[in-house]
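Position 1 is the first residue of the sequence, and the numbers go up from there. Computed over heavy atoms, backbone and side chain alike; hydrogens, waters and symmetry mates excluded.
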Amino acid sequence: MDSEENTPLLNDDSGRCVIAQTNVKLLFHKALLYVLKKCVTFVTCLNHVVLSLSSLCSLSFPSSDDSQNDEYKSRWRSIRVMYFTMFLSSVGFTIVITSVWPYLQKIDDSANASFLGWVVAAYSLGQMLASPLFGLWSNHRPRREPLACSIFINVTANIYYSYVYLPTSQNKYHMLMSRALVGFGAGNVAVVRSYVAGATSLKERNSAMANTSACQALGFILGPERMDVSQETEGNIDHVAVLTSNVLFFIIMFIFAVFETIATPLSMDMFSWTRKDAVLYNGIILSCVGFESILVFLLVKVLSQRIGDRPVLLGGLAIIFCGFFVLLPWGNHYPAIQWADLKNYTVIHETFAPIPAFAPTPVSNSSFEPTGCPAEQTWCQYTPAIHLAQFLTADVLIGAGYPACNVISYTLYSKILGSKPQGVYMGWLTASGSGARTLGPVFVSQVYTILGPRWAFSLICVMVLGAILLLGALYHKLISFAVRHGRILE
């Protein structure tokens, strides 16, 4: 897949090239067959594991102390299986996300930053469509069925993604389709969270949801007395609170999708990083943010018990606002410009003469990779550069605010629903987040490419302020089911 490996083939005569291509195709088919066999074996084994654990998915409340103790252990064993599922899902996502942009540029020269937004959004669009379906499925059938199905789809789609460079044309559309299928397979997140919510008591839920999110964050880098659930199911769900929670979660996921999408192009434009450097450095930053998230999850577990869920959510939104505010461009330093022509890297665009002192010297070697802010992005000429210190500070702030908002959103939402079957409701919440992660990349790729980071991050700041105002206005509505019906005191 590397250009260095392809160069000898391109320089040989056509006969040798045909033979070499035939050999590559034969090797590819053999490798693909081998991988598919291994994937089928893996999914089969996983299905057996899930089948063996299926008896743990139905909760009962025996009267004897011994049976209650056995039920408690079984229940938490199944919850830990869900933790592991979230971990694997997160690992698969993180391996890909930082390299999508360089990979897209490598396989298809016609792809631009705007199309990157659609590629990133395709994952979330697939997840948005799948989440309610898997949630509904899990409400009426054993949860092992949607889990096994989603894992098989995910494995197959990732194999497809690995080989999107092989077609001779339209490679970017193959990547788009593969990411949509991977996202569809990731729709099992709704099943995982609905099970964890339904298998825990109200007092256990904060910790379980935090642990679920901590396992999800861990993938980025590499209980008290139970209440009588039957009492909690009586009463109606507050649909205003449900809708508000979905809107808040949409905004939270939208702004994080914006940040994870724009991180690689932004760093390449502002710091003149090559594709290889951008993947490496952003991967390191993402790993550090993952470690930070785990610490935040542990802190959230303590804070939510001391001050409640809503203050933690409000504080997380405030921290996210600070992170994007820090990213606003300022000063008199401007980014280096890609003055080289896209075809031969030698022609200087006449419309931008005279050449500034900070412009890189054109190089005639066709292997040269131009760095800096592309000249076709006209805002590069008048928008101040974002400093590396700003970028890292924003990473730290957003890396602290987002996980706090994420875990509290799920926890508070499950408490609002009570102990009624939550598969469909969790499916809609996950779909809401996936919808945000579909629109976010498209939004930021268009606004960033046309108007630049100042407009993009200013609009995000406005959105976060809107979320804070919405939370403040409906603060009294976002309470647990049991508190609203007077079963327990807040």
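Put simply, CD1 on Ile262 and CG on Asp269 are 8.0 Å apart, with the number rounded to the nearest 0.5 Å. Taken from CG in Leu104 to CE in Met175, the straight-line distance is 5.0 Å, to the nearest 0.5 Å. Distance check, rounded to the nearest 0.5 Å: CG of Leu266 to OH of Tyr448 gives 4.5 Å. One finds the OH atom of Tyr402 at 9.0 Å from the CD1 atom of Ile320 (value rounded to the nearest 0.5 Å). Separation of atoms CD (Gln170) and OG1 (Thr168) is listed at 9.0 Å; rounding is to 0.5 Å. From Arg310, atom CZ reaches atom CD1 of Ile408 across 11.5 Å, with rounding to the nearest 0.5 Å.
A side chain to side chain contact (heavy atoms under 4.5 Å, CB included) with Val326 is found for exactly one of Val396, Ile398, Thr393, namely Thr393. Across Tyr163, Tyr161, Tyr165, Tyr160, a single residue satisfies side chain to side chain donor-acceptor pair (under 3.5 Å) together with His174, and that is Tyr160. Tested against Val258, the residues Val444, Val447, Leu439 include a single side chain to side chain contact (heavy atoms under 4.5 Å, CB included) partner, Val444.
Nearest heavy atoms, Pro403 versus Val296: CG-CG1, 3.9 Å. When all heavy atoms are compared, the tightest approach of Leu327 to Ala394 is CG-CB, 3.5 Å. The minimum heavy-atom distance between Leu176 and Trp118, with the atom names listed, is CD1-O, 3.3 Å. In this structure, Met128 and Ala431 approach most closely via the heavy-atom pair CG-O, 3.2 Å. For the pair Ala241 and Leu478, the tightest heavy-atom approach, listed with the atom from each and the gap, is O-CD2, 3.8 Å. The two residues Ala467 and Leu248 make their nearest non-hydrogen contact at O-CD2, 3.5 Å.
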Take Asn171 and Val164, measure what side chain to side chain contact (heavy atoms under 4.5 Å, CB included) needs, and give me the verdict at the end. CA-CA 6 Å; Asn171 301 76; Val164 295; 5.7 Å; no
Passes side chain to side chain contact (heavy atoms under 4.5 Å, CB included), Val240 versus Thr244? Steps please. CA-CA 6 Å; Val240 174; Thr244 302; 4.2 Å; yes
Please walk me through it: do Asp108 and Phe115 pass side chain to side chain contact (heavy atoms under 4.5 Å, CB included)? CA-CA 11 Å; Asp108 198 322; Phe115 193 81; over 6 Å; no
Just do the side chain to side chain contact (heavy atoms under 4.5 Å, CB included) check on Phe443 and Ile460 with the steps written out, would you? CA-CA 10 Å; Phe443 162 83; Ile460 294 300; 4.0 Å; yes
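Listed for the Ser480 side chain is no donor-acceptor partner under 3.5 Å among the backbone atoms of Lys415. Ser432 places no side-chain N or O within donor-acceptor distance of the main-chain N or O of Trp428, the cut-off being under 3.5 Å. No side-chain donor-acceptor contact under 3.5 Å links Thr449 to the backbone of Gln446. Formation of a donor-acceptor pair under 3.5 Å by the Ser245 side chain with backbone atoms of Tyr413 is not found in this model.
Under the 30°/60° scheme for interplanar angles, the aromatic rings of Phe259 and Phe256 are found to be tilted.
Residues passing the side-chain contact (heavy atoms from CB on, under 4.5 Å) test with Ile468 are Leu314, Leu317, Val464, sequence neighbours excluded.
Applying the 6.0 Å contact sphere to OH of Tyr475 captures more than 12 heavy atoms from other residues, nucleotides or ligands. Other residues, nucleotides and ligands contribute only 12 or fewer heavy atoms inside 6.0 Å of the CZ atom of Phe325.
Counted by atom type alone, Asp309 and Thr411 present zero donor-acceptor pairs between their side chains at under 3.5 Å.
Thr264 has its side chain out of reach of Val279: every pair of non-hydrogen atoms, C-beta onward, lies at least 4.5 Å apart.
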